[in-house]
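See structure below.
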Amino acid sequence: QVQLVESGGGSVQAGGSLRLTCLITGYTLSSSYNYVGWFRQAPGKEREGIAFLYTGGQSTYYTDSVKGRFTISRDNDKNTMYLQMNNLKPEDTAMYYCAAQVVSGNSPLYADYKYWGQGTQVTVSS
């Protein structure tokens, strides 16, 4: 059974930083050769893919609004994925979800994923 568990969300002021963690069990990052990453959804808005990596190499993908501020990474030994978020802005306020394994779609930012975490809330105040 695959489980993804996010942690690290919280409330920060604009300009601050947070690091989100996604602990994955039942799905081995080092041998999956697929995509994993992070989505977010703000109240009243559609879910948005923001940062992804290819587990079979070094490729990473970011939506424009987070480029240069967010960094996705993984630790294969811990089977864990991270999202380092710097220079946070109020518009980054959302529920953040990690996801794994593309099931359809040509771009990791817009693909459908098979496995999902339960989400962690990030709130950025001005």
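Because the structure is a prediction, the values reported are computed rather than measured. All values below come from the heavy atoms of this structure, side chains included, with hydrogens, waters and symmetry mates left out. Position 1 is the first residue of the sequence; numbering continues from there.
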When rounded to the nearest 0.5 angstrom, what is the spacing between [atom1] in [X] and [atom2] in [Y]?
X: Y113; Y: Q101; atom1: OH; atom2: CD; result: 10.5 Å
X: M95; Y: Q121; atom1: CE; atom2: CD; result: 5.0 Å
X: Y33; Y: T55; atom1: OH; atom2: OG1; result: 8.0 Å
X: L23; Y: T25; atom1: CG; atom2: OG1; result: 6.0 Å

Quiz item: Angle class for the F52/F39 ring planes (parallel below 30°, perpendicular above 60°, tilted otherwise)?
Solution: perpendicular

Just by modelled atom types, is the [Y] backbone N or O under 3.5 Å from a matching donor or acceptor in the [X] side chain?
X: R40; Y: E48; result: no
X: T93; Y: T123; result: no
X: N34; Y: V102; result: yes
X: N76; Y: N79; result: no

Quiz item: Are side-chain N/O atoms of N86 and S17 paired as donor and acceptor at under 3.5 Å?
Solution: yes

Quiz item: Is D92 salt-bridged to K89, cutoff N-O under 4.0 Å?
Solution: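 Not counted as a salt bridge, because no side-chain N and carboxylate O are separated by less than 4.0 Å.
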
Exercise. Begin with the C-alpha distance, continue with both residues' side-chain angles, and end with the deciding distance and a verdict on side chain to side chain donor-acceptor pair (under 3.5 Å) for D75 and T80.
Key: CA-CA 5 Å; D75 183 329; T80 299; over 6 Å; no

Quiz item: Should W116 and C98 count as side-chain neighbours, where that means a heavy-atom distance under 4.5 Å?
Solution: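 Side-chain contact under 4.5 Å: no.
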
Quiz prompt | Heavy-atom side-chain proximity of Y97 to E6 below 4.5 angstrom | solution =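 Of all side-chain heavy-atom pairs linking E6 with Y97, at least one is under 4.5 Å.
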
So which heavy atom on [X] is nearest to which on [Y], and how close?
X: Q41; Y: R47; answer: NE2-N, 3.7 Å
X: P90; Y: S125; answer: CG-C, 4.5 Å
X: A94; Y: A42; answer: CB-N, 3.8 Å

Practice problem: Output the rest of the hydrophobic cluster of L18: all Ile, Leu, Val, Met, Phe, Trp and Tyr residues reachable through side-chain heavy-atom contacts under 4.5 Å, sorted by chain and number. | Solution: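 Besides L18, the cluster holds V2, L4, V12, L20, I24, Y27, L29, V36, W38, I50, L53, Y62, V66, F70, I72, M81, L83, M85, L88, Y96, Y115, V122, V124.
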
